[in-house]
Amino acid sequence: MGKEENYKRIKKFCLNWGADLFGTADVSSLKDGFAVSVKAAKDLNTAISLGVRVSSGVLSEIENQPTKLYFHHYRVVNMFLDQLALRLSNFIQNSGSQALPIPASIIVDWQKQTAHLSHKHIGHLAGLGWIGRNNLLVNKRLGSQFRLVTVLTDMPLKYDKPTKEDCGKCRACVVICPVKAIKEKKEDFDHLGCFELLKEFQRQKVVEQYICGICVKACNRKDHEK
Ligand code: B12
Ligand code: SF4
Ligand code: SF4
């Protein structure tokens, strides 16, 4: 089957199983930076990026800290993404190509706080959205209210293109971050300031992991249309 036909078949499969966002990208030039063994990543030069939306209902409960409902939801969405990646990987393997599902949310290097690869970076290359002022991937329909997973493959697929859109005039997340980690320019995002607050939420046992959700709630389509 050709690249275009494979793309259509794989996309349909993913949307049928619950993906809200789908895109593909050539990642051959990024592979050296992945925390995946050279052997496992050999020949896997294509990434399939999938996004699953976060419930607006769950987010609506968040005011100035994450909630138990959000913590549970965060874990359910991660599990859902990992299962979606598993289904897709098996589907690709059964079609005669190789596939490697990358965990939705696992930390490989705790000191540097990095994972096997950056789902955001790949999602951007695959046309799912742009990196916003809040340092998250922003989609024109869902804002930042979605989570991501990646499957690497050698299946011949047509590639999507990164979007040229950006946050424009929107500042909804800038005014709402409790530690003012979000700045005018996305390059100035205060990673450490953000991380300190997430550690504090965990220390106070508000939630059991480093999560927040405040800037995710703020970033929806409605706000950045303003
Ligand atoms: C580790 C991690 C974190 C860490 C640190 C993040 C980091 N490294 O920047 C902490 C705990 C702080 C965190 C916070 C959050 N995260 Co997080 N996180 C991850 C994870 C597991 C790995 C990120 C990674 O390896 N990046 C690789 C690096 C090289 O790429 P980068 O992130 O673009 O690189 C920057 C950082 O490394 C930063 N940096 C440099 N030095 C340091 C030092 C420290 C201490 C920190 C914190 C950052 C930092 O500078 C780099 C250039 O900008 C990803 C899942 C994944 N596999 O992608 C989710 C992920 C990025 N997180 C996500 C989310 C939603 C969140 C939170 C909203 C928490 C929540 N669920 O409520 C906050 C948002 C904070 C923010 N506004 O950016 C989503 C983003 C979805 C989207 N739409 O964009 C992801 C993709 C998970 C998923 N499967 O969907 N996260
Ligand atoms: S995750 Fe929380 S602390 Fe970090 S930038 Fe978003 S609102 Fe601010
Ligand atoms: S809330 Fe607005 S400014 Fe912030 S990341 Fe989303 S679109 Fe960009």
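One-based numbering, in listed order, for ligands and for the atoms of each.
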Identity and separation of the nearest protein heavy atom to atom 54 (C) of ligand 1: Ala104 O, 4.9 Å

If I apply the N/O under 3.5 Å rule, does Pro103 come out as touching ligand 1? no

Say whether Lys112, considering both its backbone and side-chain N or O atoms, lies within less than 3.5 Å of an N or O atom on ligand 1. no

Do any N/O atoms on Ile106 end up under 3.5 angstrom from N/O atoms on ligand 1? no

Among all protein heavy atoms, pick the one closest to atom 6 (C) of ligand 1 and tell me residue, atom and distance. Gln113 O, 4.3 Å

Contact (N/O only, under 3.5 Å) between Thr114 and ligand 1: no

Quick check: does Leu117 get an N/O under 3.5 Å from an N/O on ligand 1? yes

Look at ligand 1 and say whether His121 reaches it with a heavy atom at a distance under 4.0 Å. no

Residue and atom name of the nearest protein heavy atom (relative to atom 12 (C) of ligand 1), distance in Å to one decimal: Phe195 CD1, 3.4 Å

Using a 3.5 Å cut-off on N or O atoms only, is Tyr210 in polar contact with ligand 1? no

Indicate, as side chain, backbone, both or neither, the part of Ile182 found under 4.0 angstrom from ligand 1 when only non-hydrogen atoms are considered. neither

Ligand 1 N/O within reach of Ala115 N/O, cut-off under 3.5 Å: yes

Geometry only, no angles: is Leu148 polar-contacting ligand 1 at N/O separations under 3.5 Å? yes

Any N, O or S atom of Cys167 closer than 2.8 Å to atom 2 (Fe) of ligand 3: no

Atom 9 (O) of ligand 1: the protein heavy-atom neighbour that sits closest, reported with distance to 0.1 Å: His191 ND1, 4.0 Å

Ligand 1 and Ile211, any nitrogen or oxygen pair closer than 3.5 angstrom? no

Proximal atoms of ligand 1 relative to Ser118 (non-hydrogen, under 4.0 Å): 27 (C), 30 (O), 33 (O), 58 (O)

Just need the protein heavy atom nearest to atom 43 (C) of ligand 1, so name the residue and atom and give the distance. Leu192 CD2, 4.2 Å

For atom 87 (C) of ligand 1, grab the closest protein heavy atom and report residue, atom and distance to one decimal in Å. Arg147 NH2, 3.4 Å

Is Tyr74 close to ligand 1, meaning an N/O of one under 3.5 Å from an N/O of the other? no

Could you tell me whether atom 4 (Fe) of ligand 2 has an N, O or S atom of Cys194 under 2.8 Å away? yes

Closer than 4.0 Å to some heavy atom of Ile107 - which atoms of ligand 1 meet that? 1 (C)

